[in-house]
Amino acid sequence: MPQAETAFSGLCDDDNGGREWASHHHGCISRPMGQIPPTIHFEMREFIMPESINGAVDQPLVPPRHIAIIMDGNGRWATSRGLARTEGHKAGIVSLREIITACVRLGVDVLSAYAFSTENWNRPQHEVNVLMHLFAKTFIDELPLLKRENVRVVFLGDISALPKKTRDVFERGLAECADHTGMTLALAVNYGARAEITRAVRQIALDAAAGKIDPAAIDDDMVASHLYTAGLPDPELVIRTSGELRLSNYLLWQVAYSEFYVTDTYWPDFDRWGLVDAILAYQGRDRRFGGLSKTEEA
């Protein structure tokens with residue numbers, strides 16, 4: 001394969017985590033920190049995979065429209081290295097930055113990321129405080145990236161309950177990214193799917209009681225229109241890191257027909273190559289939506 005600029009060019013974080021990447025021939029396969037990865041040639045939203053990666057030969061990589069990620073394992077990543085749990089959350093920011101940029105390069109329409117659940121308030125107060133500070137600082141730091149990549153930002157969850165400083169930063173970011181027309185980044189913060197569904201049902205019930213809607217007209221589309229994800233396509237692929245086999249109250253309505261991909265990798269170690277693995281696995285699934293597979297139909 002001739003040398004070409006990788007689709008992930010621009011992912012350079014030499015001042016944060018030691019990740020320095022550039023175009024390169026596909027001679028090396030392993031990707032320890034600081035090592036230049038194999039080139040993936042990008043054309044027309046497709047990746048042509050070198051033979052040595054995942055055993056795929058010239059396999060086009062066509063991503064789902066909406067990828068949802070449960071970013072899990074920050075604390076365990078830190079603990080396994082003798083670090084404070086908060087250091088894992090800081091390292092996780094680097095991975096999120098990489099995955100955002102990778103999804104933009106791939107042509108993903110929506111990337112949703114589970115950042116802070118309604119249950120996470122039960123964590124130690126110091127950890128919650130650090131997370132709130134990180135949310136505010138990171139959003140300010142990443143605004144130039146979001147603007148450069150034309151990323152639109154939306155929040156899933158009740159951000160009105162967040163500390164004022166964090167909330168003010170989020171509202172500023174929403175305003176500055178409001179007219180962006182590229183990928184949508186949906187950040188789930190103070191989010192819980194049961195609370196989301198309860199909120200939607202309450203709103204619909206109030207409208208019905210006020211005579212604004214006919215109860216007989218309530219259907220799936222109406223419920224969906226009252227969720228935080230209104231206007232967004234349902235996730236086709238849900239990725240969970242750290243090996244846990246549960247949804248953790250994330251997008252319970254929206255993932256009815258999503259494909260799941262679970263990796264034992266902790267979130268701070270999850271990178272674009274992990275994303276490629278997940279998408280390749282997704283492409284190999286037979287999505288029947290309750291019907292028959294193509295083989296069965298034949």
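Residue indices begin at 1 and follow the sequence shown. Only heavy atoms go into these numbers, but all of them, side chains included; no hydrogens, no water, no symmetry mates. Remember, predicted model here, so these are calculated numbers, not experimental data.
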Is Val201 linked to Val223 within one hydrophobic cluster, defined over Ile, Leu, Val, Met, Phe, Trp and Tyr using a side-chain heavy-atom separation of less than 4.5 Å? yes
Carefully, step by step, assess Arg85 and Thr79 under the rule side chain to side chain contact (heavy atoms under 4.5 Å, CB included). CA-CA 6 Å; Arg85 286 176 53 85; Thr79 301; 4.1 Å; yes
Qualifying residue for side-chain contact (heavy atoms from CB on, under 4.5 Å) with Leu185, from Leu146, Val108, Val104, Val110: Leu146
Can you tell me how far apart CG (Asn129) and OG1 (Thr86) are? Round to the nearest 0.5 Å. 11.5 Å
Between Tyr250 and Tyr191, how do the two ring planes meet: parallel, tilted or perpendicular, split at 30° and 60°? perpendicular
Report the C-alpha separation of Arg272 and Thr101 in whole Å, then their side-chain angles, then the decisive distance to 0.1 Å, and conclude whether the side chain to side chain contact (heavy atoms under 4.5 Å, CB included) test is met. CA-CA 9 Å; Arg272 51 191 158 141; Thr101 309; over 6 Å; no
Determine whether a donor-acceptor pair (N or O, by modelled atom type, separation under 3.5 Å) exists between the side chain of Asn190 and the backbone of Asp158. yes
Using every non-hydrogen atom in the two residues, find where Gly92 and Trp267 come nearest and quote the distance to one decimal. O-NE1, 3.0 Å
Just by distance, do the side chain of Asn120 and the backbone of Ser117 share a donor-acceptor pair under 3.5 Å? yes
Residue pair Gln203 / Asp207, side-chain donor-acceptor N/O under 3.5 Å: no
Is Tyr282 linked to Ile99 within one hydrophobic cluster, defined over Ile, Leu, Val, Met, Phe, Trp and Tyr using a side-chain heavy-atom separation of less than 4.5 Å? yes
Of the non-hydrogen atoms in Ile67 and Cys103, which two are nearest, and what is the gap between them? CD1-SG, 4.5 Å
Heavy atoms of Pro63 and Gly107 approach each other most closely as CG-C, 4.5 Å
I need the Thr166 OG1 to Lys137 NZ distance, nearest 0.5 Å. 13.5 Å
Enumerate the salt bridge (charged side-chain N to carboxylate O under 4.0 Å, His left out) contacts for residues 179-199, please, sequence neighbours excluded, ordered by first and then second residue. none
What residues form a salt bridge (Lys or Arg N to Asp or Glu O under 4.0 Å) with Glu171, not counting sequence neighbours? none
Could you walk me through whether Ile100 and Glu149 pass side chain to side chain contact (heavy atoms under 4.5 Å, CB included), step by step? CA-CA 9 Å; Ile100 290 171; Glu149 300 293 351; over 6 Å; no
Ring center gap for Phe170 and Phe139 short of 6.0 angstrom: yes
If I take atom CG from residue Leu232 and atom CG from residue Leu227, how far apart are they, to the nearest 0.5 angstrom? 10.5 Å
Could you walk me through whether Val94 and Glu98 satisfy the side chain to side chain contact (heavy atoms under 4.5 Å, CB included) test, starting with their C-alpha distance in whole Å, then the side-chain angles of each, then the deciding distance to 0.1 Å, before giving a yes or no? CA-CA 6 Å; Val94 180; Glu98 176 173 350; 5.8 Å; no
I need the Leu237 CG to Leu275 CG distance, nearest 0.5 Å. 8.0 Å
Reported CG-to-OG1 distance for the pair Asp277 and Thr265, which is rounded to 0.5 angstrom: 8.5 Å
So, the side chain of His89 versus the backbone of Leu131: is there a donor-acceptor pair under 3.5 Å, distance only? no
Residue pair Met71 / Phe270, side-chain heavy-atom distance below 4.5 Å: no
Determine the minimum heavy-atom distance between Met222 and Asp219, stating which atoms define it. N-OD1, 2.9 Å
Does Ile70 belong to the same Ile/Leu/Val/Met/Phe/Trp/Tyr cluster as Tyr257, with side-chain heavy atoms less than 4.5 Å apart forming each link? no
Please tell me whether Val128 and Leu162 are part of a single hydrophobic cluster in this structure, the criterion being side-chain heavy atoms less than 4.5 Å apart. yes
Salt bridge (charged side-chain N to carboxylate O under 4.0 Å, His left out): which pairs involve residues 240-253, sequence neighbours left out? Asp72-Arg240, Arg76-Glu244, Glu244-Arg246
Checking the side chain of His180 only, and the main-chain atoms of Val151 only, is there a donor and an acceptor separated by less than 3.5 Å? yes
Flag for Ser258-Asp234: side-chain donor and acceptor within less than 3.5 Å: no
Can you get from Phe260 to Ile279 by hopping between Ile, Leu, Val, Met, Phe, Trp and Tyr side chains that sit under 4.5 Å apart? no
For Arg65, is the CZ atom crowded, meaning more than 12 foreign heavy atoms sit under 6.0 Å from it? no
Which residue in the set Ile69, Leu187, Asn249, Leu156 passes side-chain contact (heavy atoms from CB on, under 4.5 Å) when paired with Tyr114? Asn249
Where His66 and Ser112 come nearest, the two heavy atoms and their spacing: NE2-OG, 2.9 Å
Measure the spacing between OH of Tyr228 and CD of Gln254 and express it to the nearest 0.5 Å. 11.5 Å
Is a side-chain N or O of Asp269 found less than 3.5 angstrom from the main chain of Tyr266, in a donor-acceptor match? no
Donor-acceptor pair, distance only, cut-off 3.5 Å: does the side chain of Ser80 make one with the backbone of Trp77? yes
Which heavy atom of Pro163 sits nearest to which heavy atom of Trp121, and what is that distance? CD-CH2, 4.5 Å
